[in-house]
Amino acid sequence: MDNLQLLAELHLDGERQGPGGDGLTRQALALSGLAGHSGLKIADIGCGTGASTLVLARDLEAEILAIDFLPSFLDALNTRAAQAGLGGRIRTLAASMENLPLQPETLDAIWSEGAIYNIGFERGLREWRRYLKVGGVIAVSELTWLSAQRPAEIDAFWRAEYAEVDTAAGKLAVLERNGYSPLGYFALPESSWLDAYYRPLQARFAAFLAAHQGSAQAQAVVDEHVREIELYERYRAYFSYGFYIARKLPQA
Ligand code: SAH
């Protein structure tokens, strides 16, 4: 079994695959100005099992294309959508965010929670921009330093994991130099990491290890998560996810 398969299995039963919360998706929605419009076309990129997709479908008059490269996550999303009576508003698409089969200038909004880091913040903003109508909105959450200074251990850890980690000021500057006008930013609270993501994840470790008894690879997957959680608990004052909401400007 390769690592991605193990990761997918560990995360499949999660309500979400990263920090976040329905109330936080709604907070970003309020900043987006999308509510009250009808016939919206939205892509949720790196949707996982659909935590944000379901909120968007419930709150907006929209057709939502939920995109992820893991078909097992999309199956779970479809089941959840059907159970919530929201299946009619959601279509799923198994595709890579690096090569999206979308038409130019067709989307009113791109949503992406805890996923754009897979392609890189700036590359994602640059490449996905073409799919948005002028005036369309992008809303993404992204690893963010909460202050200019931080302890060396956490600085080294996140720089090694994700070279683009930066402050909100840095991220907003990236938006501005790539043809977007920021509409808002907020930092995700601790509850979005601990209560909504890490605690439910920790609760799945034992069953996951039991299902892969004696697998060093499965143990390594759990160990990596344990280390990440320990670092979050120790250094949570210094980093979080930032939610960035911005509008596509016409070409200068
Ligand atoms: N938005 C969800 C999932 C976040 S985890 C939530 O907030 O709960 C990141 C997601 O990105 C995972 O579902 C993973 O399968 C997906 N992903 C990672 N690399 C990808 C790629 N290259 N193309 C498409 N999806 C990708």
Side-chain angles (χ1 to χ4, degrees), residues 1-29 32 42-58 64-81 84 90-102 107 109-128 131 138-144 161-162 164-165 186-189 191-201 204 221 224-225 228-229 232 240-245:
M1 225 184 202
D2 67 21
N3 237 33
L4 183 61
Q5 261 177 299
L6 286 168
L7 271 173
E9 190 187 312
L10 176 61
H11 285 277
L12 178 63
D13 293 333
E15 264 184 44
R16 53 189 334 116
Q17 286 71 40
D22 290 359
L24 298 160
T25 300
R26 292 199 164 95
Q27 202 174 321
L29 257 183
S32 76
I42 301 178
D44 187 349
I45 303 178
C47 59
T49 61
S52 57
T53 319
L54 296 174
V55 174
L56 299 176
R58 192 168 282 126
I64 300 158
L65 185 59
I67 304 170
D68 204 282
F69 72 171
L70 290 178
S72 60
F73 284 3
L74 298 177
D75 291 345
L77 193 166
N78 279 320
T79 303
R80 293 171 79 186
I90 298 171
R91 258 189 327 125
T92 53
L93 174 69
S96 169
M97 62 174 72
E98 299 187 38
N99 186 19
L100 292 166
L102 302 174
L107 298 174
I110 289 176
W111 212 266
S112 185
E113 296 196 16
I116 196 172
Y117 73 89
N118 288 293
I119 185 171
F121 186 71
E122 185 153 20
R123 182 178 163 202
L125 291 176
R126 210 186 300 125
E127 292 189 7
W128 299 351
Y131 308 121
I138 188 155
V140 298
S141 65
E142 161 85 345
L143 189 71
T144 300
E161 291 289 319
Y162 185 49
E164 278 184 75
V165 59
F186 59 93
L188 268 55
S191 59
S192 70
W193 291 77
L194 294 172
D195 306 334
Y197 178 49
Y198 283 150
R199 298 299 178 236
L201 178 62
R204 295 195 299 275
V221 165
E224 257 178 54
H225 285 81
E228 188 189 306
I229 295 169
Y232 180 76
S240 186
Y241 267 36
F243 221 131
Y244 299 87
I245 301 93

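Both counts, for ligands and for their atoms, begin at 1 and track the order of listing.
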Put together the list of close N/O pairs, under 3.5 Å, between ligand 1 and the protein, could you?
unit_1, atom_1, unit_2, atom_2, d
ligand 1, 1 (N), G46, O, 2.8
ligand 1, 1 (N), E113, O, 2.8
ligand 1, 7 (O), E113, O, 3.4
ligand 1, 8 (O), Q17, N, 2.8
ligand 1, 13 (O), D68, OD2, 2.6
ligand 1, 15 (O), D68, OD1, 2.7
ligand 1, 23 (N), M97, N, 2.9
ligand 1, 25 (N), F69, N, 3.3

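Between the side chains of Y117 and E161, no donor N or O sits under 3.5 Å from an acceptor N or O. Side-chain contact annotation: Y198 with E228, donor-acceptor N/O pair under 3.5 Å present.
Residues A95 and P101 approach most closely at CB-CD, 3.9 Å, considering heavy atoms. Of all heavy-atom pairs between G114 and S141, the closest is N-OG, 2.8 Å.
Looking at L188 and Q27, their side chains never come closer than 4.5 Å, going by heavy atoms from C-beta outward.
Annotation: ring pair (Phe, Tyr, Trp, His ring centres under 6.0 Å) contacts of F186 (sequence neighbours excluded): F243.
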